[in-house]
Amino acid sequence: MIDKKAHIITVSNEKGGTGKSTISMHISILLMQEGFKTAVVDMDGRQGTLSNYINNRCAFGRQNGINLIVPQLITVTPRENTAEYANHISEIKMAIGELAKSYDAIIIDTPGTKNYLFELAHQLADTLITPISDSFIDLNVLGTIDEANPKKQQAGQYAQFVWEIKKYLAQQGKPLLNWIVVGNKISPFNSRNKNLFFEHLQKISKMYGFRVAGNLRDRTIYKEMFPQGLTVLDLNTKDLKSKMTMSHLAAKQEIKSLAEFICPQR
Ligand SMILES: Nc1ncnc2c1ncn2[C@@H]1O[C@H](COP(=O)(O)OP(=O)(O)O)[C@@H](O)[C@H]1O
Ligand SMILES: [Mg+2]
């Protein structure tokens with residue numbers, strides 16, 4: 001068991017492209033702005049999106065003489081050889097255990113596919129954030145409800161996996177995993193699909209034990225800022241203020257609301 005003070009937030013979904021790395025980056029910068037000592041662990045080191053995001057940030061700050069806050073980064077790449085998994089897991093636990101003694105928060109970004117790092121990221125979590133788009137294909141990883149017979153439900157693969165993780169954590173004597181699902185890349189317009197989707201998500205949430213946070217909208221700015229390593233939270237920073245728009249302000253508010261939902265008493 002890790003002897004720690006840090007709160008570990010794992011951002012995961014058994015699906016690629018739902019916004020895990022984008023949300024990991026934004027939450028880490030927000031927590032740092034609030035004065036929390038924050039580290040990030042990129043467990044999707046093969047793709048390396050979060051690591052590249054942070055490296056871009058360092059380069060942008062250096063090139064433009066701007067002093068940007070940057071979280072401590074550990075990049076983890078899966079080993080090819082299954083015989084190395086156990087040692088690798090011990091090494092990662094030790095590295096995160098060391099960080100956890102002196103940091104307030106550790107954000108773990110995960111790959112969208114199940115492997116031993118994916119499982120470890122969940123086993124270490126205090127809070128689990130699952131971004132999901134408003135598509136019934138995405139909802140399927142959490143669970144399905146038969147429209148004709150709403151009582152007939154079936155847990156999706158990822159919900160089953162989280163259930164197993166919850167059982168594992170209970171066996172370890174750890175507190176209940178705080179699981180939060182957040183709609184991401186959500187259109188501002190009302191549609192039948194969107195309303196039905198969130199109705200189903202609410203129903204499923206009670207069955208599988210997660211809470212649903214307020215949505216993050218589909219906004220071009222989330223896509224634009226990766227090359228500079230910036231987030232919607234940086235635009236208050238001296239020298240960047242002039243680039244702030246209403247859309248940035250609204251996005252910033254969404255991220256703050258999400259953080260408030262994740263840890264209200266932080
Ligand atoms: N709220 C959003 N609005 C618009 N684009 C988004 C939003 N969140 C993420 N994206 C974009 O979606 C793509 C996938 O995001 P990413 O964070 O890499 O997902 P994952 O880590 O789950 O694979 C990226 O192009 C990213 O810029
Ligand atoms: Mg990613």
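We count ligands from 1, going down the list as the structure has it; atoms in each ligand are counted the same way. Position 1 is the first residue of the sequence, and the numbers go up from there.
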Does any donor atom in the side chain of S90 or N87 lie under 3.5 Å from an acceptor atom in the other side chain?
-> no
Could you go through ligand 1 and list every pair where one of its N or O atoms sits under 3.5 Å from a protein N or O, giving the atom names and the distance to one decimal?
from	atom 1	to	atom 2	distance (Å)
ligand 1	1 (N)	N184	OD1	2.8
ligand 1	1 (N)	R217	O	2.9
ligand 1	3 (N)	R219	N	2.9
ligand 1	3 (N)	R219	O	3.3
ligand 1	8 (N)	N184	ND2	3.0
ligand 1	12 (O)	K185	NZ	3.0
ligand 1	17 (O)	S21	N	3.4
ligand 1	17 (O)	T22	N	2.9
ligand 1	17 (O)	T22	OG1	2.6
ligand 1	19 (O)	G19	N	3.0
ligand 1	21 (O)	K20	N	3.4
ligand 1	21 (O)	S21	N	2.9
ligand 1	21 (O)	S21	OG	3.0
ligand 1	22 (O)	G17	N	3.4
ligand 1	22 (O)	T18	N	3.1
ligand 1	22 (O)	G19	N	3.0
ligand 1	22 (O)	K20	N	2.9
ligand 1	22 (O)	K20	NZ	2.8
ligand 1	23 (O)	G17	N	2.8

Aromatic plane relationship, F161 with Y158 - under 30° parallel, 30 to 60° tilted, over 60° perpendicular = parallel
Under 30°, 30 to 60°, or over 60°: which ring-plane class applies to Y85 and Y116, parallel, tilted or perpendicular?
-> parallel
Checking only N/O/S atoms, does S21 have one that is under 2.8 Å from the Mg ion (ligand 2)?
-> yes
With a 4.5 Å limit on heavy-atom distance, are the side chains of T18 and K15 in contact?
-> yes
R57 and M25, any side-chain heavy atoms less than 4.5 Å apart = yes
So which of T75, D109, N56 actually passes side-chain hydrogen bond (donor to acceptor under 3.5 Å, both in side chains) with S51?
-> T75
